Amino acid sequence: MKHFLWSICFSLFLTLPVLADPLSVEYFSKRDEFSAVKVSPEGDYVSAIADKGGKNVLAIFDRETFNVIHAVYFDGKAQVGNYYWVNKDRVVVMKEYISGIRDEPLYYGEMLAVNADGSKVKNIISYKSPDSTGTRIKKTKGLMGTSFMLDPLLHDKKHILVSVYPWASVKEPFTEVFRVNVYNGKRKQVTRAPARMATYLTDNEGEVRFAASSTDYIEQDLYIRDTKSGDWSKLDQFDGQLNNITPYAFDETNENVFATANKDNGTKALYKINLATANYELISQDKTVSPSNIWLNEGDKSLYAVEYEPGYPTYEFVDKNSPMTKSLKGLLQALPGYQVRIISSTLDGKVNVIWAGNDRTPGEYYVYDKNRGKLDHLISARSWIDPDKMAEAKPIQFTARDGLTIHGYLTLPQDKEDKNLPLVVMPHGGPHGVRDWWSFDPTAQMLANNGIAVLQVNFRGSGGYGTDFEHAGHRRWGEEVQYDIIDGVKHLIAQGTANKDNLCILGGSFGGYSALQSAIIEPDMFKCSVGEFGIYSLPMMFTEGDVQRRASGVKYLKTVLGEDESQLKAFSPVFHIDKLKAPVLLIHGAKDRRAPIEHAEALIKAFEKHNHDYEYFELEAAGHGIYSNKDRAKHYQKVLDFIKQHLDT
């Protein structure tokens, strides 16, 4: 099959404005004011999550006038989470809670349904009984589990499918699927998973057909369901041929599935797989990166494009005759220099919500009306951001010391020549399955706005570059992964971009680990190190935190870290502070479950033992990251002040 490859072109500006004074940290730290913009199935309304006073509300607009029709909000500590249009007039909203003792919102599986005009409000899923009146009327029992939308069943005006993770005594329960009436909350079980913690895929008729389950967060087992009997059977005929299969959609026959998969341990490709014969056909593949997105027509679930992001984003249009393909090509021409995505559509595909963003723009939302040939700007994710004041981020690549090609991004300050710059290297979290992208990064932009270049490295172990590349980081967290980060810095020094005597390292989660470990490996390279929400003792990962609480999590840790106690300690910053020279800023959330505060406490104890220079900033309500604008501003200011204290900017 011949495919048409569309590559988005990006222009580089030769004349750059000079900034008078750095912008405030609040300019960068504030959360998006609008997100999750969608259009209703028949195009009467557009909707968006809005940040109002630190809480999320759902705003519903008339599409013709853009006037607000209704706003969905919750009293007290509750707020709107995600939401879904389920028919032409009705939305289902997930209810979250902002806890006083934990910064990030908590979700317990509650769902509320309401019409666009605010009428017919109904709690349709709750761990308590959704019904609150009447003593003789048979009540719907509470659902003791956490529910997520599986399929809004847009061609069924009354029902949705939800997947439920039961609150069982076991930590990894068998998930269930229920069909739920969006007007009265009545539900009926459709199926129970054939394996623990399974996720599902429905076909074009809304039938539950696929289930996927993993025992180690790396490899997964697939199951297919017979729609007549309801029985599940394991799909193992692809063993040794295709690995890491992730199904996305069925074709129009419901006999073939489009799925990404690995073959020969390279990058993931998109395949069309026949479920009866196990024959498969290659649809699309990039030699450098795996697909970042598989794009489907929201109305009929048909596949039309695959998105890749080797550096700048590109599209391969696998169905060149699709109306969505024609629309997206036109939108790319209308919005040059942007990454453009059709993120929501009416059932007939005639009205689309468009997201456009790039390295200098967090996101602009448009409504595109095909019949009128009209593209209207709707709202901005962060209206206060002036792209002309933001810095350019450009893709780079270099060769690591062992010959492996490493990709990354370099953000350059506007008001300085690209030579001999102060530099902060900012390794990402994860580390596995995660990578950095060409996009608006508020931390990188804040540093660049203060005259500091920022390097982001997709080191070995990062996701998106193929199985071999990701597995090359397994059990090598403390050496080769760090070497890639260090080699990226040396590459910029050799090019003359970075000043070898003016470097710091900053990271969160695994990036926090790297901020310490790289500075230990190269004690004379960095003038300062900032570790945020990090893990600093690898042996502790087997005894503390939410990963080790599940059997699959323990298997994952054994795979990616190994069980050699001496190597785990050799790769743990907490045991090697005597080798560290850079002063450290340590930031941690008291409620962090992923990297519990015990990691920070152990590191502080080691600092005190070796009389090492450090500062500690604890966020009492924060978990594994920071949610509130107030705490985010404090955090940004602390980081910026510390880095500027140690770098000549």
Side-chain angles (χ1 to χ4, degrees), residues 34-50 56-74 80-95 111-125 148-162 180-185 202 204 206 295-302 304 323-324 327-328 331 341-356 363-381:
F34 289 104
S35 60
V37 184
K38 302 179 183 181
V39 62
S40 61
E42 295 189 15
D44 299 308
Y45 313 100
V46 289
S47 51
I49 298 292
N56 288 343
V57 302
L58 174 61
I60 300 175
F61 306 85
D62 181 278
R63 186 176 68 83
E64 295 292 339
T65 64
F66 291 151
N67 292 330
V68 176
I69 300 297
H70 181 63
V72 180
Y73 65 93
F74 297 107
V80 172
N82 206 346
Y83 73 98
Y84 301 85
W85 285 99
V86 295
N87 61 39
K88 71 181 295 290
D89 297 308
R90 197 160 178 81
V91 290
V92 168
V93 176
M94 301 168 78
K95 186 178 182 180
M111 294 186 183
L112 174 141
V114 60
N115 282 353
D117 61 3
S119 63
K120 298 184 179 179
V121 180
K122 177 69 178 178
N123 291 310
I124 60 170
I125 298 178
F148 297 92
M149 183 71 73
L150 172 59
D151 192 328
L153 299 178
L154 293 176
H155 296 283
D156 181 335
K157 297 180 180 180
K158 292 185 178 181
H159 299 93
I160 58 175
L161 292 179
V162 298
V180 181
N181 187 296
V182 297
Y183 289 97
N184 59 30
T202 57
N204 298 320
W295 291 104
L296 309 173
N297 184 327
E298 194 170 357
D300 60 12
K301 300 183 181 180
S302 62
Y304 68 92
M324 303 301 286
S327 292
L328 185 51
L331 291 163
R341 292 170 173 168
I342 300 174
I343 58 171
S344 180
S345 299
T346 52
L347 284 174
D348 62 8
K350 300 296 185 182
V351 179
N352 311 128
V353 172
I354 311 302
W355 174 88
E364 301 294 333
Y365 294 97
Y366 299 83
V367 174
Y368 174 54
D369 189 319
K370 289 184 184 180
N371 289 335
R372 300 177 184 176
K374 190 177 181 182
L375 182 66
D376 292 314
H377 183 264
L378 180 61
I379 48 180
S380 302

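Just so we're clear, the structure is a prediction, and the values are computed from it rather than from any experiment. Just so you know, residue 1 is the first one in the sequence shown, and it goes up from there.
- For the atom pair CG (Asp300) and CG (Leu347), the distance works out to 9.5 Å, reported to the nearest 0.5 Å.
- The distance from atom OH of Tyr365 to atom CD1 of Ile354, rounded to the nearest 0.5 Å, is 12.0 Å.
- Taken from NZ in Lys374 to CG in Asp369, the straight-line distance is 8.5 Å, to the nearest 0.5 Å.
- Here the shortest heavy-atom pairing between Leu153 and His159 reads CB-O, 3.4 Å.
- Taking the side chain as every heavy atom from C-beta outward, Tyr84 and Val182 never approach each other to under 4.5 Å.
- We find the NZ-CG distance between Lys370 and Asp348 to be 8.5 Å, quoted to the nearest 0.5 Å.
- Residues Gly206 and Leu161 share a closest heavy-atom pair of O-CD1, 3.3 Å.
- Taken from CZ in Phe61 to OG in Ser40, the straight-line distance is 13.0 Å, to the nearest 0.5 Å.
- Atom CD of Glu298 sits about 8.0 Å away from atom CE of Met324, to the nearest 0.5 Å.
- A search for ring-ring contact (aromatic ring centres under 6.0 Å, His included) contacts involving Phe148 returns Tyr107, Tyr165, not counting sequence neighbours.
- Minimum heavy-atom separation, Ile69 to Ala116: CG2-O, 3.6 Å.
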Name each donor-acceptor pair under 3.5 Å that joins a side chain in residues 42-50 to protein atoms two or more places apart or in another chain, with its distance.
residue: Ser47; atom: OG; partner: Lys38; partner atom: O; Å: 3.4
residue: Ser47; atom: OG; partner: Tyr83; partner atom: OH; Å: 2.8
residue: Ser47; atom: OG; partner: Trp85; partner atom: NE1; Å: 2.9

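- The local environment of NZ in Lys88 is crowded, with over 12 non-hydrogen atoms from other residues, nucleotides or ligands closer than 6.0 Å.
- Between Val93 and Phe74, the shortest heavy-atom distance links the atoms CG1-CE1, 4.1 Å.
- Between the side chain of Asp62 and the backbone N or O of Glu64, at least one donor-acceptor pair lies under 3.5 Å.
- The shortest distance between side-chain heavy atoms of Leu375 and Leu331 falls below 4.5 Å.
- Asn87 approaches Tyr183 most closely through the heavy-atom pair ND2-OH, 3.1 Å.
- Around CZ of Phe34, the count of heavy atoms belonging to other residues, nucleotides or ligands within 6.0 Å exceeds 12.
- Within 6.0 Å of atom NZ in Lys350, 12 or fewer heavy atoms from other residues, nucleotides or ligands are found, so the atom counts as exposed in its surroundings.
- For Tyr366, the ring-ring contact (aromatic ring centres under 6.0 Å, His included) test picks out His377, with sequence neighbours left out.
- What you find for Val180 and Gly185 is that their closest heavy atoms are CG1-O, 4.1 Å.
- The shortest side-chain heavy-atom distance between Lys95 and Leu112 does not fall under the 4.5 Å cut-off.
- Counting only distance, with no hydrogens or angles, the side chain of Asn297 and the backbone of Gly299 share a donor-acceptor pair below 3.5 Å.
- Remark: Asp89 does not engage Lys120 in a salt bridge, criterion side-chain N to carboxylate O under 4.0 Å.
- Two residues are said to be in side-chain contact when any heavy atoms from C-beta on lie closer than 4.5 Å; Asp151 and Lys301 meet this criterion.
- For the pair Met149/Asn82, no side-chain contact is recorded, criterion being any heavy-atom separation below 4.5 Å from C-beta on.
- Residues Val114 and Val91 have side chains in contact (heavy-atom distance under 4.5 Å, counting atoms from C-beta outward).
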